[in-house]
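So you know, we letter chains A, B, ... as the sequences are listed, proteins then strands, and number each from 1. Fair warning: this is a prediction, and the values are worked out from it, not measured in the lab.
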Amino acid sequence: MRVAPYSELQASVARLLGLDPDNLDDSEFAIIRDGVNRGLAAIARRVGALGFQRCEERWFRDHYVDGTAYVAGDEVFYPATQTYYQAVQASSGEPPAIETAGTYAVNGEYWAESKRAYTAADWDDAVGYDVGSQVYYPVTGLYYQAKAPVSAGTVPTNTSFWHALVAFDPYVPPIQTGFTTIGRVVGVFAENPRAFAGAVMLPWRRSEVGVQVYTEQPSVWIEFQVRPHRFNGTAWSSTATYTAVDDEAASASTAASGPRIYTGTASPEGAITANPGSIYVQQVSSTVTQTWVKASGTGNTGWIG
Amino acid sequence: MPSQAYYAGDFWDCVSDTTAAQSPATHPAKWSKLVLPEEWLPYLEEEALAYAMQALGRPLVEQVIPQRRVAASALDLLALNYHRENGNGQPIRVFTR
C-alpha cells in the first residue's frame, strides 16, 4: 500500500483554499487538521475493517540482538532455537544459547529458558549447584537458577548466586519495534490466514499488556485493525517529554492524570510511581498473586496491598 | 504527557518514551511519522476542503454545499473501491441495444 505524509495533504488543501501552505496561522492549521480528522472518522465508519485491517506474524518478545546490553529480567526470543529466554544477569554479546556440534545449550550463566511453569527439585542446603541449575525454594514458593557456581548452604534468595525465575507470560504487546500497532484484534492464527484458507484460529484474549495466547508456539499470526488515525498533536516542544502511544484498549487508562495497571514480582511500595487509583498485580509466586491499589499520592508510595 | 507531536510539517506518534529535547529528527527510533494511504487522499482532500470552507465563512450555497456533495461522492467512490477489492462486486457492465 502506498502512503503519503500528512504534510502533502495539508499543502494540497491549503492551496485549494487559496492559502500559503508554508505560512498557515494557528487557526488555519487547526481547521484543516479538524477537517482531515472528520474525513478519517467518516472513512472508519464507512469502510470499517476493510480499510484498517492488517495481518502480521508476531512474537511475544523482541528478538535477541547481539551487542545489546541486557539486564536481569529482560526477555527475548532467540530465533536459532525458536525459544524465549530471560536474562539472569546483565550481559552484552552473550547469546541465550550456545551451539556445540549442531546442538544448542542454554547459556546458563546469563540466560534461562522462559517457561510458563517451571519444575525442579527442592533446594537442598547440603548440595552445591552448578551454573544453570534450577531449584524450587519452598520458603518463597519461587524457582531459581544458579548464575554462578553455588556452594552448599547458599540460599536461593542470595542474589549474587541465584536468579528468581519469572513465569513466561505469553502475550503479544500492542506496540513492538518495527511492527504496526495492534488495534482491535480480529483473530489469532497458527499460520498466515491469508496464505492458508484452513489456518487454525487460536484461543486468545485481550489483557492490560497485550494479546494473550494460550497455545505453545513461538509465534502467531494476528489479524487486527490498525488504530484509526487521528491527528491531535500540538507543535513539538523541546521542553516537553512524550510518552509512547498505547493501544486503544489501554489508552483509556493512560490519560495524563489517570490510573494505570501495572504488574511485577516485587512490592510496588517505594518502587512504582503511579497515579491514585492505579492497580498493581504482584506475582508473588507461580501460583500466588497479590493485588495492590494506589490509595494516595502521585509518587511511589501510598500503595495498599 | 502527550504522545503525539506536530513536527516539521507532519504528525508523529511517540513510540518510546522521550526525555526533553528528543525530537523526531534527533531520535528517530522514538518516533513514527503518521502517514495516510494514498487512496484516501482524494476524499480527505475534498472533505477537509468542505469543512474548511465552512469554518472560514465561505458562501454556503455557492461553495460549501457543492463542495460537500463532491466530498460525499469521493467517499462513495472510496467505499466502492474497497468493496470491489474484497471480491464483493463485479465491474459495472453497460448494455446497449
Side-chain angles (χ1 to χ4, degrees), chain A residues 1-14 16-19 21-22 27-40 42-43 45-52 175-177 181 227 229-246 251 254 256, chain B residues 1-26 29-56 58 67 71-72 74-76 78-83 85-86 88:
Chain A
M1 180 176 65
R2 299 181 65 180
V3 296
Y6 176 84
S7 50
E8 188 178 305
L9 177 60
Q10 178 177 262
S12 172
V13 175
L16 288 167
L17 287 166
L19 304 172
D22 298 323
S27 172
E28 293 162 347
F29 163 79
I31 286 171
I32 294 175
R33 180 199 61 194
D34 292 348
V36 171
N37 282 332
R38 184 185 166 98
L40 290 169
I43 291 175
R45 282 194 305 273
R46 184 73 176 270
V47 180
L50 298 180
F52 294 92
I175 299 174
Q176 283 180 297
T177 306
T181 298
R227 289 184 312 124
H229 292 65
R230 182 165 178 81
F231 300 106
N232 54 18
T234 55
W236 176 79
S237 165
S238 62
T239 58
T241 57
Y242 294 84
T243 54
V245 291
D246 215 332
S251 62
T254 54
Chain B
M1 285 183 282
S3 297
Q4 193 184 95
Y6 181 71
Y7 182 84
D10 279 296
F11 286 93
W12 301 74
D13 265 349
C14 173
V15 294
S16 177
D17 292 356
T18 72
T19 56
Q22 293 186 330
S23 73
T26 62
K30 293 194 170 192
W31 296 91
S32 173
K33 186 195 282 190
L34 290 179
V35 295
L36 296 160
E38 266 191 355
E39 65 216 33
W40 293 2
L41 295 193
Y43 162 65
L44 290 175
E45 188 178 279
E46 303 297 354
E47 180 65 43
L49 192 57
Y51 180 86
M53 282 178 166
Q54 185 167 6
L56 293 170
R58 301 284 172 87
Q67 181 57 35
L75 180 59
D76 286 342
L78 177 65
L80 183 62
N81 286 338
Y82 270 114
H83 190 67
E85 279 178 4
N86 282 271
N88 295 318

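At a threshold of 4.5 Å between non-hydrogen side-chain atoms, the residues Thr181(A) and Asp13(B) do not count as touching. In this structure, the side chains of Arg46(A) and Asp76(B) come closer than 4.5 Å at one or more pairs of heavy atoms. The closest side-chain heavy-atom distance from Ile31(A) to Tyr51(B) is below 4.5 Å. The shortest distance between side-chain heavy atoms of Leu78(B) and Ile43(A) falls below 4.5 Å.
Here Ala4(A) is the residue among Ala14(A), Ala4(A), Ala240(A) with the most heavy-atom pairs under 4.5 Å with chain B. Most heavy-atom pairs under 4.5 Å with chain A, from the set Asp17(B), Leu36(B), Thr19(B), Leu44(B): that is Leu36(B). Most heavy-atom pairs under 4.5 Å with chain B, from the set Val36(A), Thr234(A), Leu16(A), Thr241(A): that is Thr241(A). The candidate from Ser27(A), Ala235(A), Pro21(A), Ser237(A) with the greatest count of non-hydrogen atom pairs under 4.5 Å with chain B is Ala235(A). Comparing Glu46(B), Gln54(B), Glu45(B) by heavy-atom pairs within less than 4.5 Å of chain A, the highest count is held by Glu45(B).
Checking side-chain atoms of Gln4(B) against main-chain N and O of Asn232(A) turns up a donor-acceptor pair under 3.5 Å. At distances below 3.5 Å, at least one donor-acceptor pair connects side-chain atoms of Thr18(B) with backbone N or O atoms of Tyr242(A).
In terms of heavy-atom proximity, Asp10(B) sits nearest to Pro5(A) at OD1-CB, 3.4 Å. Taking all atoms of both residues into account, the shortest heavy-atom contact from Val15(B) to Ile175(A) is O-CG2, 4.4 Å. The two residues Tyr43(B) and Ala42(A) have their closest heavy-atom pair at OH-CB, 3.2 Å. Summarising the geometry of Gly233(A) relative to Phe11(B), their closest heavy-atom pair is O-CE2, 3.4 Å, with the distance given to 0.1 Å. Residues Leu41(B) and Glu8(A) share a closest heavy-atom pair of CD1-OE2, 3.6 Å. Closest heavy-atom contact between Ser16(B) and Ala244(A): N-CB, 3.7 Å.
Ring pair Phe29(A)/Tyr6(B) is tilted by interplanar angle, where 30° to 60° counts as tilted.
Heavy atoms closer than 4.5 Å to chain A are found in the backbone of Gln22(B), but not in its side chain. Looking at Asn37(A), there are no atoms closer than 4.5 Å to chain B (heavy atoms on both sides), in backbone or side chain. Of the two parts of Thr243(A), the backbone and the side chain both hold a non-hydrogen atom closer than 4.5 Å to a non-hydrogen atom of chain B. With a 4.5 Å cut-off on non-hydrogen atoms, Trp12(B) does not touch chain A at all. Looking at Ser23(B), both its backbone and its side chain come within 4.5 Å of chain A, counting heavy atoms on both sides. Residue contact with chain B, scored on non-hydrogen atoms closer than 4.5 Å, involves the backbone and the side chain of Leu17(A) alike.
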Derivation and outcome, side-chain contact (heavy atoms from CB on, under 4.5 Å), residues Leu34(B) and Phe231(A):
CA-CA 8 Å; Leu34(B) 290 179; Phe231(A) 300 106; 3.7 Å; yes
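Taking the salt bridge (Lys or Arg N to Asp or Glu O under 4.0 Å) definition, one finds that Glu47(B) meets it with Arg38(A), sequence neighbours left out.
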